[in-house]
Amino acid sequence: MGDGIFFRINTKSHFAGSLLLKKRDHPFLKWDSYLECGGPVEFDRSEIDDCINKSGGFAGHLSDDVMKRLAYHVETLKQLTIAEKRRFVASINQECTRRGI
């Protein structure tokens, strides 16, 4: 497993398992968008650092409300294996604990 699990954000809900992100709750978004939950991607720390440096900095975090809903949502997805669901939910829960939510 890589150092981080990341979900793509899209402007349209083209993918199964997408979760709505409201701009009002995520100031780094330009408009309401969708978290593509059906295909989380794993990267190692150096890839993430390179991407953040090239883009001019870190954009932002998902709201506490979305983080709380995300673990449950991932467990309901049919396109993920049980092992993937366990791994992703554990990572999401770890981040929620780190944030105190």
Side-chain angles (χ1 to χ4, degrees):
M1 182 163 136
D3 292 331
I5 297 171
F6 299 86
F7 296 87
R8 293 177 190 95
I9 296 175
N10 292 295
T11 57
K12 297 199 183 307
S13 177
H14 332 268
F15 301 98
S18 294
L19 188 65
L20 177 64
L21 300 176
K22 292 289 202 175
K23 179 186 177 1
R24 71 171 182 257
D25 300 325
H26 301 90
F28 59 91
L29 295 175
K30 292 183 180 176
W31 40 76
D32 289 352
S33 298
Y34 294 86
L35 194 65
E36 183 188 331
C37 302
V41 183
E42 294 181 72
F43 295 101
D44 66 39
R45 185 83 245 157
S46 65
E47 290 176 292
I48 298 305
D49 290 343
D50 287 346
C51 185
I52 290 171
N53 290 334
K54 287 177 185 173
S55 69
F58 188 71
H61 291 279
L62 296 177
S63 70
D64 290 354
D65 178 60
V66 168
M67 289 298 294
K68 287 186 238 177
R69 290 185 293 134
L70 185 55
Y72 172 77
H73 183 71
V74 166
E75 289 179 344
T76 68
L77 298 175
K78 295 183 182 355
Q79 58 269 50
L80 298 177
T81 66
I82 292 170
E84 288 172 323
K85 290 177 187 181
R86 286 183 183 145
R87 198 167 69 232
F88 300 146
V89 169
S91 182
I92 293 163
N93 287 337
Q94 182 179 14
E95 176 61 13
C96 286
T97 299
R98 187 189 72 74
R99 288 183 178 187
I101 55 174

_Distance, nearest 0.5 Å, that separates NE2 of His26 from CG of Asp32_ = 10.0 Å
*List for me each residue that meets side chain to side chain contact (heavy atoms under 4.5 Å, CB included) alongside Glu75, sequence neighbours excluded, and say none if there are none.*
Val89
*Enter the distance from Arg69:CZ to Leu62:CG here, rounded to the nearest 0.5 Å.*
10.0 Å
_Thr76 OG1 to Lys78 NZ distance, which is reported to the nearest 0.5 Å_ = 7.5 Å
*So how far is it from Phe88 CZ to His73 NE2, rounded to the nearest 0.5 Å?*
13.0 Å
*Residue pair Cys37 / Leu80: nearest heavy atoms and the distance that separates them*: O-CD1, 4.0 Å
*Can you tell me how far CZ of Arg24 sits from CG of Leu29, rounded to the nearest 0.5 angstrom?*
12.0 Å
_Nearest non-hydrogen partners of Glu84 and Gln79, listed with the distance_ = OE1-O, 4.3 Å
*Can you name the side chain to side chain contact (heavy atoms under 4.5 Å, CB included) partners of Ser13, sequence neighbours left out?*
Ser18, Tyr34
*Apply the side chain to side chain contact (heavy atoms under 4.5 Å, CB included) test between Leu70 and each candidate in Asp65, Asn93, Ile92; give the one that qualifies.*
Ile92
*Identify the two heavy atoms, one from Ile9 and one from Ser33, that lie closest to each other, and give their separation to 0.1 Å.*
CG2-CB, 3.6 Å
*Should Leu35 and Phe28 be counted in the same cluster of Ile, Leu, Val, Met, Phe, Trp and Tyr side chains packed under 4.5 Å apart?*
yes
